[in-house]
Amino acid sequence: MAKLKVAGTWGGLIEVELENWTLHMLRDEVAKRSGLDPGSIKLICAGKILKDDGDATLTLAQLGIKENSKILSTRGAAPEEGKSIVDEEERSRRLSRVKAAATALSKRHADGSLPIEDYNIELEDQGGHKVQFGTETDQSAAMMGLLLHTKAKSLIEMEMYSDAVEVLAMAEESFLLCDPKILEFVDNLPMMEIDIVWCYFLLRDIKCLSDAGVRLERARKGLERAHGKDLSRLRLLQAGQSPEMALYVRLELLEGVVAYHTGQCDKALNALKSAHAKFLQLQIPDETLSLVMGMGFQEKDAKRALRLNNQDIASSVDFLIEERAKRAQKREEDLQRQKEINEQKRYGVTPMKKAVDMQMLNRLNSIGYARDLAAESLRRNENDFQQALDTLTNPKVNSSIQAYIESRKRKRQEQLVGISVDELVTMGFERGRATSALQAGGNREDIIQRLLQSVPEANPASSANDGVAESSAFGGRESTSNEVDGGVAEQDSEMRDETSDETANRGSTSGDDCEEEEQERDSEIEDDIANEIARVDSLSAYDINLVLEIEAINEYLAMLDASQESG
């Protein structure tokens, strides 16, 4: 009988007959001793998942297992095999939708375009400060990387690890398009490397071992750049707090796993022991947690505060109060930003499809120009402040812009009530009164009824003109106030001609036409990503519960102990 050393879901020695036992028999024996379903157990030896390739008659000896071989028993699935073509196509479509949605979301925030919906998304450093970008390319690339990384984390939570790897690869590609100097201020890229290797581990994808080692080395160097040597920069940004320890538990676990499977047992042992020590530091006594929660804070927030502040209750409470104030301030800022977005959407976009610059608008407004007027001038002049000011100081052009704005307002009102001034005029109502009735508001019936009630009664002295008046009021195509309204009509015509010419020559897009030109968007996926990213903040990446991590640490420490005993 040969002895095999097993660690993981169950640890100990199993006596087997290498020439007679099959992989199926070994898996059943481990399952029996660990109390698990055999189908949920994967056996790993010498860095490879044990498989009989469909031949259930192969013996352990034929599979290369020898006396005193070390076997790692784990729960979880190996990379899925034999997926149907339909499943692969569906997965491919799903991932394409995610990429397209992230691209659309990042673009709208980089170039100032205004689609049907809008989200206020920003990239923050470890101190919670907004990261400034040098170019639109940097901003768009970093934003897309952030959106995809957030989506990948949600896929990991749903245990869709293969999809998560694909999305993380997209995110990594996006971040690498940024200026490297910008990436030094954030730790998103190194954390992404760790998340990719974490997915490899959860998939038990041993074939990615060499790639995992390279990625973990890059993650180490990237975290040192972002956090500073010995975490000095992070401590400064976080006022001496320790938010990152859970992240380093996962990193050191993965470093230990890679070292173990590449035969570097000493390195593996040191990494795993360090990860275990950090895990113990993060454990919060129930009594301490209850005290903080008793002051009115949620469990998740209380745990985060105690972790960050080395379980000091007073510091943790101060931190929570400060965070609550920050969240309240951010809500106010978000509401203000949303108001600005809604206002920008009302003004439309420039010929180059940019939103009206709110800072420039506020400057023009502060020197006495109405906001609608100033916004239209900025829109026409591609947000050039001086050109917009020159336009506003030109009496003729200023007048034409005001006429255009009034016309646009009428158009909106007509669309709202379902009737236009011209239609009312064809019914026989005077243009001036039709315009006033429309501006007064109400639905179609209200407006017509208001005009009927305001029709003047016939004057007996002018009975000779009754026929003309009747025709004019109820069916004639000419207004009795041509002299009064002719100037307005002529001005409207000139303004429409001028606007049409300008639109044709410059391709400008007003707020009324903006939505019509908007390309079709995948609102479902965009909303999912936006909602996911709305739940995170500058410290969310460090909120790791470590349940799976401590299981893995114990498994591999047991493997190393068994190895040392046999040596």
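Below, all heavy atoms of this structure are taken into account, side chains as well, without hydrogens, waters or symmetry copies.
Annotation: cation-pi pair R250/Y248 absent, no NZ/CZ under 6.0 Å from the ring centroid and within 45° of its normal.
Annotation: salt bridge (Lys or Arg N to Asp or Glu O under 4.0 Å) contacts of D211 (sequence neighbours excluded): R215. Scored by the salt bridge (Lys or Arg N to Asp or Glu O under 4.0 Å) test, E173 finds no partners at all (sequence neighbours excluded).
Residues K99 and S96 are not in side-chain contact: their nearest non-hydrogen atoms beyond the backbone lie 4.5 Å or more apart. Two residues are said to be in side-chain contact when any heavy atoms from C-beta on lie closer than 4.5 Å; L189 and L176 meet this criterion. By the 4.5 Å heavy-atom criterion applied to side chains, R324 and D301 are not counted as neighbours. At a threshold of 4.5 Å between non-hydrogen side-chain atoms, the residues V197 and F201 do not count as touching. Residues V292 and L320 form a side-chain contact, since some pair of their non-hydrogen atoms from C-beta on lies under 4.5 Å apart. I553 is listed as a side-chain neighbour of V249, based on a closest heavy-atom distance under 4.5 Å. At least one side-chain heavy atom of L95 sits under 4.5 Å from a side-chain heavy atom of M170. Contact of the L4 side chain with the L26 side chain is registered, since non-hydrogen atoms from C-beta on lie closer than 4.5 Å.
Checked by atom type and distance alone, the side chain of D312 pairs as donor or acceptor with a backbone atom of S315 at under 3.5 Å. When atom types are taken as modelled, the side chain of Q264 and the backbone of A259 share no donor-acceptor pair closer than 3.5 angstrom. Remark: side-chain polar atoms of S316 are paired, donor with acceptor, to backbone N or O of A305 under 3.5 angstrom. A donor-acceptor pair under 3.5 Å is formed between the side chain of Q344 and the backbone N or O of V356. Checking side-chain atoms of D357 against main-chain N and O of N383 turns up no donor-acceptor pair under 3.5 Å. Between the side chain of T288 and the main chain of I284, no donor-acceptor pair closer than 3.5 Å is present.
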**Item:** salt bridge (charged side-chain N to carboxylate O under 4.0 Å, His left out) between E172 and R218, worked out
**Value:** CA-CA 12 Å; E172 181 182 39; R218 288 204 299 256; 3.7 Å; yes
Item to check | Verdict with supporting geometry, T22 and L58, side chain to side chain contact (heavy atoms under 4.5 Å, CB included) | outcome: CA-CA 6 Å; T22 64; L58 290 177; over 6 Å; no
Between K278 and S274, does the side chain to side chain donor-acceptor pair (under 3.5 Å) criterion hold? Intermediate values first, please.
CA-CA 6 Å; K278 287 182 173 63; S274 179; 3.1 Å; yes
Going through the distances and angles, do M191 and H149 end up as a side chain to side chain contact (heavy atoms under 4.5 Å, CB included)? CA-CA 9 Å; M191 284 196 294; H149 192 186; 4.3 Å; yes
Practice prompt. Check the pair W198 / E193 against side chain to side chain contact (heavy atoms under 4.5 Å, CB included), numbers first and verdict last.
Written response: CA-CA 9 Å; W198 180 239; E193 301 276 20; over 6 Å; no
- [ ] Mind running side chain to side chain contact (heavy atoms under 4.5 Å, CB included) on I194 and L223 for me, showing each step along the way?
- [x] CA-CA 11 Å; I194 295 171; L223 288 177; 4.0 Å; yes
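Closest approach of L546 and A246 over heavy atoms only: CD2-O, 3.9 Å. Closest approach of T262 and V258 over heavy atoms only: OG1-O, 2.8 Å. Closest approach of A141 to L177, counting heavy atoms only: CB-CB, 3.8 Å. The two atoms that bring K51 and L63 nearest to each other are O-CD2, 3.4 Å, heavy atoms only. For the residue pair I71 and M559, the shortest heavy atom distance occurs at O-SD, 3.6 Å. Closest approach of E252 to A271, counting heavy atoms only: O-CB, 3.5 Å.
The existence of a salt bridge linking R220 and E255 is confirmed by a sub-4.0 Å separation between a basic side-chain nitrogen and an acidic carboxylate oxygen. Electrostatic pairing of K354 and E382 does not count as a salt bridge here, judged by no charged N lying under 4.0 Å from a carboxylate O. A salt bridge between E299 and K303 is present, with a side-chain N of the basic residue lying under 4.0 Å from a carboxylate O of the acidic one. Salt bridge annotation for E343-K339: absent, with no cationic side-chain nitrogen under 4.0 angstrom from a carboxylate oxygen. Ion pairing between a basic and an acidic side chain is recognised when a charged N comes within 4.0 Å of a carboxylate O; E29 and K32 show no such pairing.
The aromatic rings of H261 and Y556 sit perpendicular to each other, their planes meeting at more than 60°, with 30° as the lower class boundary. H276 and F279 have tilted rings, their planes meeting at an angle from 30° to 60° on a 0 to 90° scale.
How far NZ of K151 is from CG of L146: 14.0 Å, rounded to the nearest 0.5 Å. Atom CG of L148 sits about 12.0 Å away from atom CD of E166, to the nearest 0.5 Å. Rounded to the nearest 0.5 Å, atoms CG (L168) and CZ (F175) are 11.0 Å apart. Atom NZ in K345 sits 14.0 Å away from atom CD in E340 (nearest 0.5 Å). Taken from CZ in R304 to CG in N309, the straight-line distance is 11.5 Å, to the nearest 0.5 Å. Expressed to the nearest 0.5 Å, how far OH of Y260 lies from CG of D266 amounts to 13.5 Å.
Just one of I65, D28, L43 meets the side chain to side chain contact (heavy atoms under 4.5 Å, CB included) condition when paired with L23; it is L43. Screening R97, K153, R94 against D163 for a salt bridge (charged side-chain N to carboxylate O under 4.0 Å, His left out) leaves a single residue, R94.
Other residues, nucleotides and ligands contribute over 12 non-hydrogen atoms within 6.0 Å of the CD atom of Q283.
In summary, the side chains of Q329 and E333 do present a donor paired with an acceptor at a separation below 3.5 Å, with no hydrogens or angles considered.
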